[in-house]
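What follows is a single structure, written as structure tokens, with notes after it.
Everything quoted here is computed from the prediction, not taken from an experiment.
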Amino acid sequence: MFRMSGSLYKDGRLLRDCVSRQSDPHVSRTDHVLTALKEICEYMDLSVPIWLQQNINQFKRKSVTEFRQDSFMEEIPFDYLKIEVIEE
């Protein structure tokens, strides 16, 4: 099972978090990540952020990244959205 957490932070404090679970073994890891990110954003009532090169590089290395204001089209009321793969 693939699980990914999403957490919103402001001023160093956790505002909200959730976990997306994907169980289809025939889907690629990339598809799992994109589907989980979409589910997390829907749950938190956010638009899906844009993957910048820094996000891609960080996620490839550590399976974790932080989306800040420059990844969102609209103004965000938090400092960043952190996503992290917690189980594959």
Is it possible for you to say whether [X] and [Y] belong to one hydrophobic cluster, with membership spreading through side-chain heavy-atom contacts below 4.5 Å?
| X | Y | result |
| --- | --- | --- |
| Leu46 | Leu15 | yes |
| Ile56 | Val33 | yes |
| Val19 | Val85 | no |

Tell me the closest heavy-atom pair linking [X] and [Y], and the distance in Å.
| X | Y | value |
| --- | --- | --- |
| Ile86 | Met4 | CG1-N, 4.2 Å |
| Trp51 | Ile83 | CH2-CD1, 3.8 Å |
| Ile76 | Asp79 | CD1-O, 4.2 Å |
| Glu66 | Asn55 | O-ND2, 2.9 Å |
| Ser47 | Cys41 | O-SG, 3.8 Å |

(message) Arg29: which residues meet the salt bridge (Lys or Arg N to Asp or Glu O under 4.0 Å) condition with it, sequence neighbours left out?
(response) Glu88
(message) Between Ile50 and Leu52, does the side-chain contact (heavy atoms from CB on, under 4.5 Å) criterion hold? Intermediate values first, please.
(response) CA-CA 6 Å; Ile50 298 166; Leu52 302 175; 4.2 Å; yes
(message) Would you say that Asp70 contacts Gln54 through its side chain, given a criterion of any heavy-atom pair below 4.5 Å between the two side chains?
(response) yes
(request) Answer whether the closest heavy-atom distance between the side chains of Arg21 and Glu39 falls below 4.5 Å. (result) no
(message) Please list all pairs meeting side chain to side chain donor-acceptor pair (under 3.5 Å) that have one or both residues in residues 6-16, counting only residues at least two apart or in different chains.
(response) none
(request) To the nearest 0.5 Å, tell me how far Leu81 CG sits from Leu37 CG. (result) 6.5 Å
(request) Rounded to the nearest 0.5 Å, what's the gap from CZ on Phe78 to CZ on Phe67? Could you check? (result) 10.5 Å
(request) Answer yes if the side chains of Glu84 and Ser63 hold a donor-acceptor pair under 3.5 Å, and no otherwise. (result) no
(request) Compute whether any side-chain donor of one residue and acceptor of the other, for Ser20 and Gln22, lie under 3.5 angstrom apart. (result) yes
(request) For atom CE of Met73, decide whether the heavy atoms of other residues, nucleotides or ligands shown that lie under 6.0 angstrom number more than 12. (result) no
(message) Test side-chain contact (heavy atoms from CB on, under 4.5 Å) on Met44 and Leu8; report intermediate values, then the result.
(response) CA-CA 9 Å; Met44 295 187 182; Leu8 294 180; 3.5 Å; yes
(message) Give me each pair satisfying ring pair (Phe, Tyr, Trp, His ring centres under 6.0 Å) with a member in residues 18-43, each pair once, sequence neighbours excluded.
(response) Phe2-His32
